[in-house]
Asks: 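Can you keep this structure in mind? I'll have questions shortly.
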Amino acid sequence: MGGALLQATGSVTSVLRRTFQILSGVGEKTEQKLWQRGITTWSDLREAGDDRLPGRVQRRREAHEDQLAMAEHHLADDHTAPFDRWLPDREIWRILQEAGDRVMYLDIETTGLSYPEGRATVVGAHTDAEGTQLLVRGQDLSSRAVQDLIDDAACLVTFNGRRFDVPWLEREFDVSVDVPNVDLMYAFRRLDITGGLKSIEKQLGLDRGEEIDDVGGYEAVKLWRRWERGNHDALERLLTYNEADVVNMQPLADIAYERLKAEVYDPHEPDDPQAQQAEIPVEDAG
DNA sequence: CGCAGGACAGAGTAATTCAG
DNA sequence: CTGAATTACTCTGTCCTGCG
């Protein structure tokens, strides 16, 4: 695999640093056009002559330079938060690789679906750096603890968390969540993989321990009630369940990232004279 | 069971391309 | 070059989803 090393230059640059949709007036199509013309990184864009750029990009050059400088600046400081606002929602997954081991997989259990009748019972988080932390109501679950947890993250990964977990935490614990949130539900929906977390795990062949295979969301509510009535095992089971959720989200996120990258970026890779891919159709009419 | 917000469709506007 | 046709982007409004 001698030659692969040279080509690997391309894959070292994360998708986020190939992303032009953070720029004004640049959407999906314009970004693809840039990629196909061999302008694949931010520095490519800065160095490209006007003759290689679509008109709408030429005309916005000054604004784009400011926007790129801003993006570089935030990235250098590990501030991924602004990208959550700059990127169209469907592309927020591109932040994932940038956050490295500060990606936090987050999942909460509650006593029901609606607030404020329901209350959070377990807040579970998993990171490569810290492992799994489970905050339990009545023990170590507090606004402070939740805020500390979130402040450590450069990026959250949740399942339906944009609509459930994160707004819930913001309301019940009055925390501010100033980090991007990659919601795997939407990432997978984009890959035509639909269903709940457990269903998707199954579809992808990920197995959780069989002793909690049958635990669903509503079961988590009942487990908490049993624990409140004095059943110690019920809490153990609930915690095992929550931990499985946050731990399993990591491979899910990896799969989603790789597949989305393959779907979104790879088909628009520029023709590389060193890597003659015979199957790239040449259909450029201009 | 309630909900925020994502997908999708349609309309309106701006930019780009193309024929002549 | 010009005007028309095409393409891209943005905004608004509906519908629908999976969370415990």
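To find a chain, count down the sequence lines: A is the first, B the second, and so on, and within it residues start at 1.
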Asks: Does OP1 or OP2 of C:dC9 have a side-chain N or O of A:Thr30 closer than 4.0 Å?
Replies: yes
Asks: Just checking A:Asp165: base, sugar-phosphate only, or nothing, at a heavy-atom cut-off of under 4.0 Å?
Replies: nothing
Asks: What's the CD-P distance between A:Glu117 and C:dG20, to the nearest Å?
Replies: 17 Å
Asks: Figure out the CD/C1' separation between A:Glu91 and B:dA7, and round it to whole Å.
Replies: 14 Å
Asks: Any side-chain N or O of A:Arg162 less than 4.0 Å from the OP1 or OP2 oxygen of C:dG18?
Replies: no
Asks: What does A:Gly118 touch in the nucleic acid at a heavy-atom separation under 4.0 angstrom: a base, only the sugar-phosphate, or nothing?
Replies: nothing
Asks: Using the closest heavy atom to pick a nucleotide of DNA chain C for each, name whichever of A:Arg189 or A:Gly112 lands nearer the 5' end.
Replies: A:Arg189
Asks: If you look at every strand shown and take non-hydrogen atoms under 4.0 Å, does A:Tyr115 touch a base, only sugar-phosphate, or nothing?
Replies: nothing
Asks: Below 30° counts as parallel, above 60° as perpendicular, anything between as tilted: where do the rings of A:Trp86 and A:His74 land?
Replies: perpendicular
Asks: May I ask you to check whether A:Arg94 and A:Thr19 show a side-chain donor-acceptor distance below 3.5 Å?
Replies: yes
Asks: For A:Gln203 and A:Ser199, test the side chains for any donor-to-acceptor distance below 3.5 angstrom and give the result as yes or no.
Replies: yes
Asks: Nearest to the side chain of A:Leu197 - C:dG18, C:dC19, C:dG20?
Replies: C:dC19
Asks: Any base atoms under 4.0 Å from A:Gly161, or only sugar-phosphate, or nothing? Heavy atoms, all strands.
Replies: nothing
Asks: What is the distance, to the nearest angstrom, from the CD atom on A:Gln32 to the P atom on C:dC9?
Replies: 9 Å
Asks: Taking the nucleotide of DNA chain B with the closest heavy atom to each, which residue, A:Leu113 or A:Arg171, is nearer the 5' end?
Replies: A:Leu113
Asks: Do you see a donor-acceptor pair shorter than 3.5 Å between the side chains of A:Glu130 and A:Thr127?
Replies: no
Asks: Which nucleotide wins on minimum distance to the side chain of A:Ser114, given the candidates C:dG20, B:dG2, C:dG18?
Replies: B:dG2
Asks: Charged N to carboxylate O under 4.0 angstrom, A:Glu263 versus A:Arg190?
Replies: no
Asks: Grab the CG-P distance between A:Leu34 and C:dA8 for me, whole Å please.
Replies: 13 Å
Asks: Measure from CH2 on A:Trp168 to C1' on B:dC3 and round the result to the nearest Å.
Replies: 11 Å
Asks: Between C1' on B:dA7 and CZ on A:Phe188, what's the gap in Å once rounded to a whole number?
Replies: 18 Å
Asks: Rounded to the nearest Å, what distance is computed from the CG atom of residue A:Asn242 to the P atom of nucleotide C:dG20?
Replies: 9 Å
Asks: Measure from the side-chain heavy atoms of A:Asp107 and tell me the nearest of B:dT17, C:dG20, B:dG2.
Replies: C:dG20
Asks: Could you state the CG-C1' distance from A:Leu184 to B:dG6, rounded to the nearest angstrom?
Replies: 15 Å
Asks: Specify the residue among A:Phe164 and A:Lys33 whose closest nucleotide of DNA chain B lies further upstream toward the 5′ end.
Replies: A:Phe164
